[in-house]
Visitor: 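I'd like to ask you about the structure that follows.
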There are 2 protein chains.
Amino acid sequence: MSRCLSLEAQRLAPYTPGEQPQDQQYIKLNTNESPYPPSPKAVEAVRSAEAEKLYLYSDPLCAGLNCALAKRYGLKPENVISGNGSDEILAFAFRAFCGTAIPVAFADITYGFYEAQAALFGLDALRVPLREDFSLRVEDYMEFPGTIVLANPNAPTGMTIAPLEICRLLEKNSNRVIIVDEAYVDFGGESCAPLIPKYDNLLVVQTMSKSRSLAGGRIGYALGNAELIADLNRVKYSFNPYNVNRLSLAAGTAAVEDEDYFQGCCAAVRETRVWTVNALENLGFTVLPSSANFVFAKPDRLSGGELYRRLKENGILVRWFDKDRIRDYLRITIGSRAQMEALVEKLTELLKK
Amino acid sequence: MSRCLSLEAQRLAPYTPGEQPQDQQYIKLNTNESPYPPSPKAVEAVRSAEAEKLYLYSDPLCAGLNCALAKRYGLKPENVISGNGSDEILAFAFRAFCGTAIPVAFADITYGFYEAQAALFGLDALRVPLREDFSLRVEDYMEFPGTIVLANPNAPTGMTIAPLEICRLLEKNSNRVIIVDEAYVDFGGESCAPLIPKYDNLLVVQTMSKSRSLAGGRIGYALGNAELIADLNRVKYSFNPYNVNRLSLAAGTAAVEDEDYFQGCCAAVRETRVWTVNALENLGFTVLPSSANFVFAKPDRLSGGELYRRLKENGILVRWFDKDRIRDYLRITIGSRAQMEALVEKLTELLKK
């Protein structure tokens, strides 16, 4: 920390991303990436001539991508904003809809980035404990007077909230925004996107990093009422007007338009998840009910941290959070069937010892 | 503006980027892009297999790119941070080194994005008037107690400050950070990067959008003392940990390594600038001395706004700022020789009428 760092930056709580080793071959089940390459159409979109046009700025409006997304979700382009990953979109939303007069609430066990955002904007943040079984009850948020952020499915649990429950929050107080972070929704959750025409205080945030196999392309987006989206654009143009690069715009647009490939990848992940849950339970794990491309699982012997370390020594990376309530669990990304078989084989060996 | 917008977001002053028409063929001299394609090595880096790897996250450390930049500037990787364009880097720097206790100063006529940043972080901002001839005198900043942002060369004037002058600011108060925004330095300015080992309060910000022909790739970076860079990373990990995508990392790294191509493009722009300044002066324009890839020029008849509009009607886009002190000027990007010849031909016609 330099002597010049502002007080505001001293108070930050930077997010720690999962390990991204660049130099070694791990079976990488720690950052919820897709095990499948992007749609061939997205790869082709990048290859075809776009690289030569990089001397020109990307479209700050992201018009082509936003149109494709609007079409996909039965909305209008003014209901869509695209960003440099959904983290950037979340940051825009935290700035737009939270402040000194608007606190924020999120679960005690959820995506750790919300905590970083609350610190970034100096927000009064209420951390609402999940119930004992890690379920989220909307009753616990009913009277909260500020912005509510719900990951649905939640991370790292994989558990869902029914959209009908979220409607109760939306209706209870129409002057507060409910941000539903649907990073993992395509693997078995139910999206709130169809509710957008009905609720002007609903913001749905999604990403192409998981179900669209474009984590390295950094493309996220929000869907919502046109006024909410205009608010987010206000922040975007204060922060980074040209926020999505040309190649990601091209890849993202092609990926959204390739519905068949997308559906195929999601179905494959779901199938492998069923197999993995079964195998883990056979090994004595307690596995939370997951609708995501990962499972949250507790071994019946060895601590979470110990098992994480032993797996890493054996070339398999999973995610372990050294945090109250979840220290005993591992978050394991659903990779390819072959990767999961290798994991189960290694776990069998490690847990036998 | 929705009823849910935070007070903080209501107070924003969003930046207005230059027009980016997607649907019509203009001679586009309004956003200071390079007229040349990126290095063939950068294009090749994008094409070769990288698109298929987009299912994996990009390296949050941007290690490969930072190493290439460190090597290019005779620094260490810990002296470098890369971002999603230099706008993002500037935002990180404003958050890190400005706050309620640290005001910011910049010129009254400079890159408009600084104003947006000051509003984004609710900063006390001092706008220091450039002298009558649009020169910046460091004396005017000598006693300022906060962070100072200097565009060098300045935009939209193209005029420079000598690094020796900046040293006087750095030495006068070593507890304040001087941010030198060198977006245009490669076209004839003198970089402060060689001063980094000497001054731990100097932050140099550069971009690949201009001299590296990668505006659409969105790659910016800062060079500075390792502690300052660590401070910027603190903000980055609070805002967007995976801020640079895989394809831009690949393209940017290849571009930095292709020194010959870079030097060739810069030399071509300088040569065309000499020709353009001469031609404009022959047409009666007053042209400020430019070290950038644009010129700031005042016609001797017609107002700046009127000439901007007539050029646009005739298929040529330049930038006009409807702002005190510079309303009579046009900012004209140095395009290819053919583009500048077309501009001069059209100007000859328009100014004759």
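As the structure is a computational prediction, the values presented were derived from the model and not from experiment. Throughout, protein chains are lettered first and strands after them, A, B, ... in sequence-line order, and every chain is numbered starting at 1.
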Visitor: How long is the gap from OG on B:Ser213 to CG on A:Leu56, to the nearest 0.5 Å?
Guide: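 If I round to the nearest 0.5 Å, the distance is 9.5 Å.
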Visitor: Pick from A:Lys236, A:Arg176, A:Gln10, A:Lys28: which one has the most heavy-atom pairs with chain B under 4.5 Å?
Guide: A:Gln10
Visitor: Under a 4.5 Å heavy-atom cutoff, which of B:Asn233, B:Leu7, B:Thr100 has the most pairs with chain A?
Guide: B:Thr100
Visitor: Would you check if the side chain of B:Arg234 reaches a backbone N or O of A:Ala9 as a donor-acceptor pair within less than 3.5 Å?
Guide: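 Checked: pair present.
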Visitor: Does the side chain of B:Asn84 come within less than 4.5 Å of A:Glu88's, by heavy atoms?
Guide: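 Answer yes - side chains close enough.
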Visitor: A:Asn240, A:Thr147, A:Val177: which one forms the most heavy-atom pairs within less than 4.5 Å of chain B?
Guide: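 Answer, by heavy-atom pair count under 4.5 Å with chain B: A:Asn240.
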Visitor: Nearest 0.5 Å, what's the CZ-OH distance between A:Phe113 and B:Tyr237?
Guide: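 With rounding to 0.5 Å, CZ (A:Phe113) is 12.0 Å from OH (B:Tyr237).
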Visitor: Can you tell if the side chain of A:Arg3 reaches within under 4.5 Å of the side chain of B:Ser174, non-hydrogen atoms only?
Guide: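 Side-chain contact under 4.5 Å: yes.
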Visitor: May I have the step-by-step check of side chain to side chain contact (heavy atoms under 4.5 Å, CB included) for B:Leu120 and A:Phe239, ending in yes or no?
Guide: CA-CA 7 Å; B:Leu120 178 61; A:Phe239 185 83; 3.6 Å; yes
Visitor: Is A:Tyr36 in contact with chain B via its backbone, its side chain, both, or neither, using a 4.5 Å heavy-atom distance?
Guide: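 Just its backbone gets close to chain B.
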Visitor: Could you check which of A:Ala251, A:Ala42, A:Pro38, A:Ser209 has the highest count of heavy-atom pairs closer than 4.5 Å to chain B?
Guide: A:Pro38
Visitor: Taking the basic N atoms (NZ, or NE/NH1/NH2) and the acidic carboxylate oxygens, is any pair closer than 4.0 Å for B:Lys53 and A:Glu33?
Guide: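 Judged by the 4.0 Å cut-off on N to carboxylate O distance, B:Lys53 and A:Glu33 do not form a salt bridge.
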Visitor: As an exercise: rank B:Asp200, B:Leu61, B:Asn201 by heavy-atom pairs under 4.5 Å with chain A and give me the winner.
Guide: B:Asp200
Visitor: Would a distance-only check, ignoring hydrogens and angles, find a side-chain to backbone donor-acceptor pair under 3.5 Å from B:Gln20 to A:Ser58?
Guide: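 Such a contact is absent between B:Gln20 side chain and A:Ser58 backbone.
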Visitor: Under 3.5 Å, is there a donor-acceptor pair between the side chain of B:Ser6 and the main chain of A:Ala96?
Guide: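 Present.
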Visitor: Where do A:Thr31 and B:Tyr242 come nearest, in terms of heavy atoms and distance?
Guide: CG2-OH, 4.1 Å
Visitor: Please report, to 0.1 Å, the donor-acceptor pairs under 3.5 Å made by any side chain of residues 11-18 of chain A, with sequence neighbours excluded.
Guide:
none

Visitor: So, the side chain of A:Arg218 versus the backbone of B:Tyr57: is there a donor-acceptor pair under 3.5 Å, distance only?
Guide: no
Visitor: Keeping A:Glu8 on the side-chain end and B:Arg95 on the backbone end, is there a donor-acceptor pair under 3.5 Å?
Guide: no
Visitor: So which heavy atom on B:Asn245 is nearest to which on A:Gly217, and how close?
Guide: CB-O, 3.7 Å
Visitor: Out of B:Ser248, B:Ala215, B:Ser34, which one racks up the most heavy-atom pairs below 4.5 Å with chain A?
Guide: B:Ala215
Visitor: Using non-hydrogen atoms only, which part of B:Tyr114 is less than 4.5 Å away from chain A: side chain, backbone, both, or neither?
Guide: neither
Visitor: Given a strict heavy-atom distance threshold of 4.5 Å, which part of B:Pro35 is in contact with chain A: side chain, backbone, both, or neither?
Guide: backbone
Visitor: Within the distance-only criterion (no hydrogens, no angle test), does the side chain of A:Arg47 pair as donor or acceptor with the backbone N or O of B:Val46 below 3.5 angstrom?
Guide: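 Flag not set: sc A:Arg47 to bb B:Val46 has no pair under 3.5 Å.
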Visitor: Might you point out which heavy atoms bring B:Leu228 and A:Ser2 nearest each other, and give the distance in Å?
Guide: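 In this case the closest contact between B:Leu228 and A:Ser2 is CD2-OG, 3.8 Å.
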Visitor: For A:Cys98, is it the side chain, the backbone, both, or neither that has a heavy atom closer than 4.5 Å to a heavy atom of chain B?
Guide: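 It is the backbone, since no side chain atom gets that close.
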Visitor: What I want to check is whether the side chains of B:Ser238 and A:Gln117 have a donor and an acceptor closer together than 3.5 Å.
Guide: no
Visitor: Taking A:Pro60, A:Pro241, A:Ala101, A:Ala230 one by one, which has the highest count of heavy-atom pairs under 4.5 Å against chain B?
Guide: A:Pro241
Visitor: Among A:Asn175, A:Asp87, A:Val43, A:Asp231, single out the residue with the greatest number of heavy-atom pairs under 4.5 Å to chain B.
Guide: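 Highest number of heavy-atom pairs under 4.5 Å: A:Asp231.
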Visitor: Chain B: which of A:Asn243, A:Asn225, A:Leu90, A:Ile219 shares the most heavy-atom pairs with it under 4.5 Å?
Guide: A:Asn243
Visitor: Could you pull out the closest heavy-atom pair between A:Ile102 and B:Cys4, with the gap in Å?
Guide: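 Shortest heavy-atom separation between A:Ile102 and B:Cys4 comes out as CD1-O, 3.7 Å.
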